[in-house]
Amino acid sequence: MSAMNKPEPVVRIGMNAPGRTLPGGRIGVLLVNLGTPDATDAASVRRYLKEFLSDARVIEDQGPVWKFVLNAIILPRRPRAKGKDYEKIWNRERNESPLKTITRSQAAKLRPATDAIDPAIVVDWGMRYGNPSLANRIEAMAKAGCERILLVPLYPQYAAATSATVCDAAFAALAKLRDQPALRVVPPYYDDKVYVEALAGSIEAELKRLPFKPDLILASFHGIPKSYADEGDPYPSHCYETVRLLRARLGLDENKLMLTFQSRFGRAEWLQPYTDKTVEALAQRGVKNLAVVMPGFSADCLETLEEIAVENAHIFKSNGGANFSAIPCLNDSDGGMAVISHLVLRELQGWI
């Protein structure tokens, strides 16, 4: 992951960016990912978890029972353990999480594509939870003269708990501005040809680098409670379609490229099959070589670098598996940037 090993160029967002002024004012492009604590200590993780788990899109029932569980059980106990997990993957050079490092780099690497259209376009990045916040970056864009903002939620598959809550936060920020910029949102891109090709190319390249041949590949997506899907959230259908297209592109059937869901939380039923239980069962039935790809994550983060690459690797090997590989996310790779540039340039049509 090159973005974690060297400083990235600073993204220019100031008032004096070179180039002509676009008719109707400047345009801003804001990349958005989920978020991260500012540090690994318990207090920082607690602040992050409180913001995250207090979102009614994430935990829909924010009633008194949940508030008691959150404030009396989760927040006093969970932050220290999660902080230790973040410690395992923390980018110590920049003193930040890999998600923040990569998202910054994605914004910087997007800059040449927007410069080719007009150097006055503002490119920035933010986090739904934690810092830099969407409210902070939208306000900065407005002060920089942006009368139009393209919001880019970096979630290929739509879920109310991810994509919708980005829009909620963006409109809440706009509600505080007297002179509001116009807002356009990049739609989910779960079936976009450029995205699917980038995923397939990344998988093929990584498999060639492995010292073993996987018996099969798991495509692991972040889960959501089953009740959310039952209420009409399209997320599972988006995940299924991404994997269907990947299978067709890679020439694999459902026994060689399996879909699972990870990161469940609490006692409620979540989307199945569960990644950890599948990894355990595969090892117990004699699968020795396993690779896992995470197509729902645009950047490596705690859920990919620790939950999959560490926890699930341990599950696999402790149940009889031999070789395990977590295939990196698209990140700021050439393929990953091809996807982001493609989406941004497509959605800017009519504004430029």
Side-chain angles (χ1 to χ4, degrees), residues 1-4 6-15 17 26-38 48 51-52 91 93-115 117 119-146 148-156 162-163 165-174 181 183-186 188-189 195 296-302 304 329-345 347-348:
M1 189 186 308
S2 62
M4 294 178 60
K6 59 183 180 181
E8 299 295 341
V10 176
V11 180
R12 300 192 302 267
I13 62 169
M15 289 286 290
R26 300 175 72 182
I27 293 174
V29 176
L30 184 59
L31 306 186
V32 184
N33 216 314
L34 186 76
T36 168
D38 293 322
Y48 171 73
E51 182 184 9
F52 177 56
N91 180 356
E93 181 181 346
R94 286 186 174 270
N95 191 29
E96 63 187 19
S97 75
L99 181 63
K100 187 175 285 189
T101 304
I102 295 164
T103 309
R104 179 192 296 108
S105 179
Q106 288 169 330
K109 290 186 176 183
L110 176 63
R111 190 70 215 194
T114 59
D115 277 350
I117 299 170
I121 294 176
V122 176
V123 177
D124 204 357
W125 60 283
M127 296 291 167
R128 172 59 187 90
Y129 310 101
N131 296 302
S133 70
L134 290 190
N136 176 277
R137 302 330 300 152
I138 288 174
E139 182 180 0
M141 283 188 161
K143 289 181 178 179
C146 293
R148 306 178 187 196
I149 296 176
L150 177 64
L151 194 66
V152 189
L154 292 172
Y155 308 118
T162 53
S163 309
T165 193
V166 168
C167 294
D168 292 345
F171 282 109
L174 290 178
L183 189 67
R184 180 181 287 178
V185 184
V186 170
Y189 50 98
Y195 161 68
F297 297 86
S298 62
D300 276 304
C301 55
L302 186 72
T304 67
C329 297
L330 292 177
N331 295 323
D332 60 346
S333 66
D334 290 346
M337 292 314 304
V339 175
I340 295 173
S341 298
H342 159 70
L343 296 171
V344 167
L345 297 182
E347 295 301 319
L348 286 177

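Keep in mind that the numbers below use all heavy atoms, side chains included, and drop hydrogens, waters and symmetry copies.
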Report task. Locate the shortest heavy-atom distance separating Pro188 from Pro156; write the atom from each residue and the value. Result -> CB-O, 3.4 Å

Report task. Report the residues that fulfil side chain to side chain contact (heavy atoms under 4.5 Å, CB included) with Pro181, sequence neighbours left out, ordered by chain and then residue number. Result -> Ala142, Ile149, Leu174, Leu177

**Report entry** Under the side chain to side chain contact (heavy atoms under 4.5 Å, CB included) test, residues paired with Glu139 that sit two or more places apart
**Finding:** Lys143

Report summary line: side chain to side chain donor-acceptor pair (under 3.5 Å) filter on Tyr48, not counting sequence neighbours, yields none

Query raised in the report: For the atom pair CG (Leu31) and CD1 (Ile102), what is the distance rounded to the nearest 0.5 Å?
Result: 13.0 Å

Query raised in the report: Any side-chain heavy atom of Leu330 within less than 4.5 Å of one from Ser298?
Result: no

Report task. Any chance you could lay out the side chain to side chain contact (heavy atoms under 4.5 Å, CB included) test for Leu134 and Leu30, step after step, and finish with the verdict? Result -> CA-CA 9 Å; Leu134 290 190; Leu30 184 59; 4.1 Å; yes

Report task. Not counting sequence neighbours, which residues clear side chain to side chain contact (heavy atoms under 4.5 Å, CB included) with Ala170? List them please. Result -> Ile138, Leu151, Leu183

Query raised in the report: What is the distance from atom OG1 of Thr114 to atom CG of Leu348, rounded to the nearest 0.5 Å?
Result: 8.5 Å

Query raised in the report: Between Val123 and Ala107, what is the shortest heavy-atom contact and its length?
Result: CG1-O, 3.4 Å

Query - Flag for Asn131-Asp38: side-chain donor and acceptor within less than 3.5 Å - result: yes

Report summary line: The side chain to side chain donor-acceptor pair (under 3.5 Å) partners of Ser163 (sequence neighbours excluded) come to none

Report task. Under the ring-ring contact (aromatic ring centres under 6.0 Å, His included) rule, collect the residues that match up with Tyr189, sequence neighbours excluded. Result -> Tyr195

**Report entry** Any donor-acceptor N/O pair, Arg128 side chain to Thr165 backbone, under 3.5 Å
**Finding:** yes

Report task. With sequence neighbours left out, write down each residue that passes side chain to side chain donor-acceptor pair (under 3.5 Å) with Glu96, or none if nothing qualifies. Result -> Thr101, Arg104

Query raised in the report: Looking only at atom types and distance, does a side-chain atom of Gln106 sit under 3.5 Å from a main-chain N or O of Met337, one as donor and one as acceptor?
Result: no

Report summary line: In terms of heavy-atom contacts, Ala299 and Asn331 come closest through CA-OD1, 3.1 Å

**Report entry** Contacts of Thr304 that satisfy side chain to side chain donor-acceptor pair (under 3.5 Å) - sequence neighbours left out
**Finding:** Asp300

Query raised in the report: Is the side chain of Arg26 donor-acceptor paired with the backbone N or O of Ala120 at a distance under 3.5 Å, no angle test?
Result: yes

Query raised in the report: Any side-chain heavy-atom pair from Ile340 and Leu154 closer than 4.5 angstrom?
Result: yes

**Report entry** Partner set under side chain to side chain contact (heavy atoms under 4.5 Å, CB included) for Pro153, not counting sequence neighbours
**Finding:** Tyr155, Val166, Val185, Val186

Requested in this report: Identify, with sequence neighbours excluded, every residue that meets salt bridge (Lys or Arg N to Asp or Glu O under 4.0 Å) alongside Asp334.
Outcome: none

Query raised in the report: How far apart are the closest heavy atoms of Trp125 and Arg137, and which atoms are they?
Result: O-CG, 3.3 Å

Query raised in the report: Is there a side-chain contact between Leu99 and Met127, using heavy atoms and a 4.5 Å cut-off?
Result: yes

Query - Distance (rounded to the nearest 0.5 Å) between Asn95 CG and Lys100 NZ - result: 9.0 Å

Requested in this report: Could you tell me whether the side chain of Arg111 and the main chain of Pro119 form a donor-acceptor pair under 3.5 Å?
Outcome: yes

Query raised in the report: Any donor-acceptor pair under 3.5 Å linking the side chain of Lys109 with the backbone of Asp332?
Result: yes

